[in-house]
Amino acid sequence: MATGVEISPREAEVLELVGAHLSNAEIAARLCISVRTVESHVSSLLRKLEVQDRRALARRAPEPAGAAPSRPAPALPAPLTSFVGRASERAELTEMIKAHRQVTAVGPGGVGKTRLALAVAAEAAGEHPDGVWFVDLVPVTDPDMIATAVAGAVGLGEQPGRDMTESVVAALADRHALLVLDNCEHVVHGAALLIERLLARCPRLTVLATSRARLMVPFERVYAVPPLSLTVDGESDAVALFLDRAAAVGSPLDPPLRDQVTSICERLDGMALAIELAAARYPTLGLDGITAALSHPLRMLTGGSRADERHRSVRAALDWSHALLEPADRALLRRVSVFAAPFTAAAAAEVTGSEAGLVADGLARLAEQSLLVVTASQGGTEYRVLETIRQYATERLAEAGELVDARTRHLRWCLAEAAGLATVRQDWRVRFDLVADDLRAALTWAADRPEQRADAYELARHLAEPAFIRNLTGESQRRYEQAAELAADPAVAAAMLRQAAAVAGCRTTGDDMYRLRLAAADAARASGDTAGAAADLATAATIAFRFSTTFVRLPSREEALALVTEARDLAGDDPAARAAVALAEAAVLSDAFGAVQGPPGNAVPETIARAERAVELARRTGDPLAESAALDALTGAQCWAGDAFATAATARRRITLLTSLPISPAGTHELIDALGMAAEAGLGAGDVPGARRWARQLAGHPSLAEVGHRATCRLLMVDALAGDVGEVLTGSVRFLDAWRRAGSPARSILSPAAAAVAMIHGLRGDHDSRCEWHQVLDQLGSSPEHTYGYGAVFDAILLLHQGRAPEAMERTAPEPGRVWKWVTWIWHHWYVALRTEAAVLAGSPVARDRLAEARTVVAGNPVAGAIVERAGALLDGDQEALLATAAAFDAAGCRYQSARTLVLAGGSHAERGATALAALGLTPMAPPPLDFP
């Protein structure tokens with residue numbers, strides 16, 4: 001590696017994670033930076049390390065930093081052989097993609113579409129500053145997986161709440177980029193649908209596709225890829241290719257033999273693949289032998305259109321190249337055609353049932369004849385069959401009567417690989433990425449064959465598990481549902497449907513959660529498991545209340561009540577079923593989760609009693625996930641009761657239960673919910689360090705990597721109230737970027753974060769940025785929580801900083817008891833404390849009464865208690881007591897409030913406080929109303 005340009009520490013971190021095969025989204029989550037920033041670092045590394053694709057970059061991860069600069073390189077595969085000729089075709093196709101947003105390069109197999117598209121894409125990189133991405137669709141056997149292939153090339157994961165297609169569209173919406181979709185012919189319909197959506201929603205995206213037939217999409221421009229030129233101004237691209245490839249295998253030709261080469265190329269119609277196969281045979285056959293083979297009466301090209309003749313040209317070259325192989329090599333070529341993706345010699349040995357050494361030698365001979373492509377990978381040497389040759393070899397496999405046997409062997413190999421993924425502790429992402437396409441191809445074949453149903457079920461199940469961990473949640477859900485369809489036992493089907501429902505929960509698709517739990521209940525009933533059916537029905541009812549904001553069509557309360565009644569009748573004495581029913585009763589009858597469709601006058605004592613009963617019954621089952629769900633209901637009940645400390649303690653119990661559990665869809669769904677609840681509840685109880693710890697864990701969770709607005713919303717609230725201005729400004733960039741990429745959804749759960757950022761900009765004196773974030777708030781939608789809860793808290797903090805105590809008092813005018821349902825949650829103590837301080841600083845006659853009441857309410861809350869005691873010290877003119885609260889704020893992790901206290905203390909303390917505020921990046925406070933001696 002050349003030296004001269006250093007890799008930055010951040011680039012080194014990104015490179016290490018690329019080497020660990022994390023997606024850009026996962027890297028962004030791990031490093032707490034935006035996905036776009038990761039993409040910028042990856043592009044920089046591609047240039048510095050002089051590699052042309054992500055896999056090559058991953059192989060460089062252990063290498064020391066420092067490399068010479070190179071011209072910008074797109075993320076394209078690097079062919080091992082040189083690109084020859086086609087100057088006019090490159091120019092024509094380049095001009096077409098400049099003028100049109102969707103161009104399809106069409107032509108028969110073997111004409112050279114892929115190599116031409118790669119050359120054009122590389123030359124066009126400078127015109128597309130946001131990236132050039134190459135997607136090989138050959139391994140894609142399911143049209144629904146095209147978007148997943150695109151996401152893999154771009155380095156994206158799936159956004160919760162969206163399928164992979166929508167995630168890709170959102171990620172590319174504002175990109176000025178070029179997307180190359182190679183080999184679309186076998187998934188034409190799926191490719192056409194994806195391209196239509198991309199072009200409609202991504203105005204600066206250009207798509208270059210290659211296919212044997214046009215895609216028939218609107219605005220498509222077709223470029224018919226011609227064969228290599230035979231004679232242009234005395235030059236021939238076809239001859240140049242033959243000479244280049246012959247020289248590459250160590251047999252350069254003398255110029256006098258050029259006419260004979262020209263004759264061979266003419267007979268092969270200038271088809272690139274056929275010429276390469278012929279050139280590979282030159283060392284053993286010579287030009288006379290190649291000419292004789294092509295002139296054999298059985299291989300004559302007669303009749304038909306030129307396109308058909310070109311097909312037959314390649315077929316002829318394949319026929320005689322295949323015929324010249326030893327029988328063992330012919331058998332090896334046709335048997336390895338079952339691989340959908342690059343494979344190793346060891347894998348080929350297992351699938352063909354041959355000795356490893358013999359297979360390795362055979363693969364080398366096939367590569368020498370240009371029938372296989374050889375590449376180096378992190379796992380060793382890999383082989384790949386070009387698509388045209390693979391189709392030819394598959395035909396031969398069928399003719400030999402070996403197709404079913406070979407695919408069955410491939411299926412068994414895939415099953416072993418899939419099962420092995422569960423035991424891999426290191427580099428499992430590498431292992432999964434290497435075999436995923438083959439697992440999918442084997443499953444597609446096996447799923448339609450009744451005799452393979454059991455193996456297809458196992459493969460679907462084994463594929464669902466790593467797909468979930470790989471953040472391919474949409475595929476994971478589909479595979480679990482597919483496993484349920486393939487399962488011979490309805491009880492097993494029910495288990496798979498429950499897993500699918502849990503994945504749907506991680507994707508925040510409440511409708512799917514509900515549908516799949518009802519389907520699981522039907523499957524459980526079919527198996528005779530009435531208790532299991534009862535638990536599923538009760539869980540479906542709970543989901544409708546617990547996750548109501550994730551539904552498109554929310555079930556009515558009457559519908560949920562009917563499910564609870566049916567579940568109660570079926571539950572019997574089964575502990576798990578009784579626990580599920582008890583939780584559903586707490587959700588539906590008492591509205592423990594505060595859902596929009598709950599009873600308006602639910603009584604707090606009854607709600608708490610039902611939730612506590614659900615917790616006790618769940619605890620007896622020994623199922624941490626069931627207990628966590630019940631604790632969530634208890635958390636909701638306690639928060640409505642106004643008990644901030646009990647709420648926080650219960651939320652912490654959930655974290656303790658879940659932290660040590662292995663990764664699973666249900667566990668992940670519970671943990672993400674629990675982390676958000678614990679962060680908010682901790683903030684409400686004044687535990688700022690704990691709230692920050694859980695909020696940071698949530699912000700870094702890989703499952704939320706693609707939805708940075710959801711990932712960071714709690715952390716922004718915590719950091720804002722703590723006064724960590726730099727953290728807020730950094731986090732707000734990720735929040736805003738992700739929110740806009742997601743289509744700027746109106747999600748009320750995000751509003752407190754936006755209000756927090758707006759407050760920080762107000763404290764900084766940045767009026768324009770504050771207005772921008774208030775516009776975000778308007779788009780998110782106003783609510784009573786904003787008016788009387790977090791909005792009043794953040795506004796009061798800013799107004800008090802500006803010395804506008806009467807306005808702060810007006811902003812917090814409603815009695816806490818009158819608006820309890822909106823301020824009792826995490827804002828209750830903050831609201832009461834700030835309301836008290838506003839009254840004191842405004843000189844209100846009710847200040848002392850508010851002070852006495854507030855001390856009772858916030859007792860035990862280190863932050864709210866310190867605000868109240870500071871108000872008392874100000875009211876009494878007690879500077880010593882006032883300074884004591886500064887130490888309390890420091891201990892509680894609230895730097896802003898500590899600095900504010902020093903300013904309020906006046907004199908030399910005020911100077912220290914002003915310095916502390918400036919260090920935080922905040923404007924000076926208004927002069928204190930009191931002057932201490």
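Sequence positions, counted from 1, serve as the residue numbers for this chain.
Side-chain contact between R653 and V615 is present, with at least one heavy-atom pair separated by less than 4.5 Å. Between M496 and Y457, some side-chain heavy-atom pair lies under the 4.5 Å cut-off. For the pair V718 and W694, the minimum side-chain heavy-atom distance is 4.5 Å or more. Annotation: side chain of V757 is in contact with side chain of V728 (closest heavy-atom distance under 4.5 Å). Residues T549 and I749 fail the side-chain proximity criterion, which asks for heavy atoms closer than 4.5 Å. Side-chain contact check for Q102 versus L181: every heavy-atom pair is 4.5 Å or farther apart. In this structure the side chain of L463 reaches within 4.5 angstrom of the side chain of F432, judged on heavy atoms. The shortest side-chain heavy-atom distance between L657 and P624 falls under the 4.5 Å cut-off.
H189 meets the ring-ring contact (aromatic ring centres under 6.0 Å, His included) test with no other residue; sequence neighbours excluded. Listed by chain and residue number, R610 satisfy the side-chain hydrogen bond (donor to acceptor under 3.5 Å, both in side chains) test with E606 (two or more places apart in sequence, or in another chain). In this view, A504 and Q477, T509, D512, M513, L516 satisfy the side chain to side chain contact (heavy atoms under 4.5 Å, CB included) rule, not counting sequence neighbours. Applying the salt bridge (Lys or Arg N to Asp or Glu O under 4.0 Å) criterion to R162, with sequence neighbours excluded, gives no partner residue. Residues meeting the side-chain hydrogen bond (donor to acceptor under 3.5 Å, both in side chains) test with T650, sequence neighbours left out: Q638. Partners of D569 according to the salt bridge (Lys or Arg N to Asp or Glu O under 4.0 Å) rule, which considers only residues two or more places apart in sequence or in another chain, do not exist here. The salt bridge (Lys or Arg N to Asp or Glu O under 4.0 Å) search around E196 returns none, not counting sequence neighbours. Judged as a side-chain hydrogen bond (donor to acceptor under 3.5 Å, both in side chains), and not counting sequence neighbours, the contacts of E220 are T104, R214. Taking E166 as the reference, R197, R201 meet the salt bridge (Lys or Arg N to Asp or Glu O under 4.0 Å) condition, with sequence neighbours excluded. Taking E670 as the reference, R546, S628, R654 meet the side-chain hydrogen bond (donor to acceptor under 3.5 Å, both in side chains) condition, with sequence neighbours excluded.
Of the inter-residue distances, the one linking S664 atom OG with L625 atom CG reads 6.0 Å to the nearest 0.5 angstrom. One distance of note links SG of C639 with NE2 of H828; it measures 12.0 Å at 0.5 Å rounding. The distance from the CH2 atom of W773 to the CG atom of L780 is 9.0 Å, given to the nearest 0.5 Å. To the nearest 0.5 Å, the span separating CZ on R440 from CG on L459 amounts to 11.0 Å. Annotation: the span from L205 atom CG to L199 atom CG amounts to 6.5 Å, rounded to 0.5 Å. To the nearest 0.5 Å, atoms CZ (F219) and CD1 (I195) are separated by 13.5 Å.
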Contacts under 3.5 angstrom, residues 708-716 side chains, donor-acceptor by atom type, not counting sequence neighbours:
from	atom 1	to	atom 2	distance (Å)
T712	OG1	G708	O	2.7
R714	NE	E680	OE2	3.1

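Salt-bridge formation is not detected for the pair R470/E475: no Lys NZ or Arg NE/NH1/NH2 atom is positioned less than 4.0 Å from an Asp or Glu carboxylate oxygen.
Annotation for P665 and F468: closest pair CA-CZ, 3.5 Å, computed over non-hydrogen atoms. Of all heavy-atom pairs spanning A487 and V492, the tightest one is CB-CG1, 4.0 Å. Closest heavy-atom contact between L215 and C184: CD2-CB, 3.9 Å.
Formation of a donor-acceptor pair under 3.5 Å by the S476 side chain with backbone atoms of L472 is not found in this model.
Contacts classified as salt bridge (charged side-chain N to carboxylate O under 4.0 Å, His left out) and involving residues 490-504 (residues at least two apart or in different chains) are given here: R498-D536.
Ring geometry for W739 versus F735: interplanar angle under 30°, hence parallel rather than tilted (30 to 60°).
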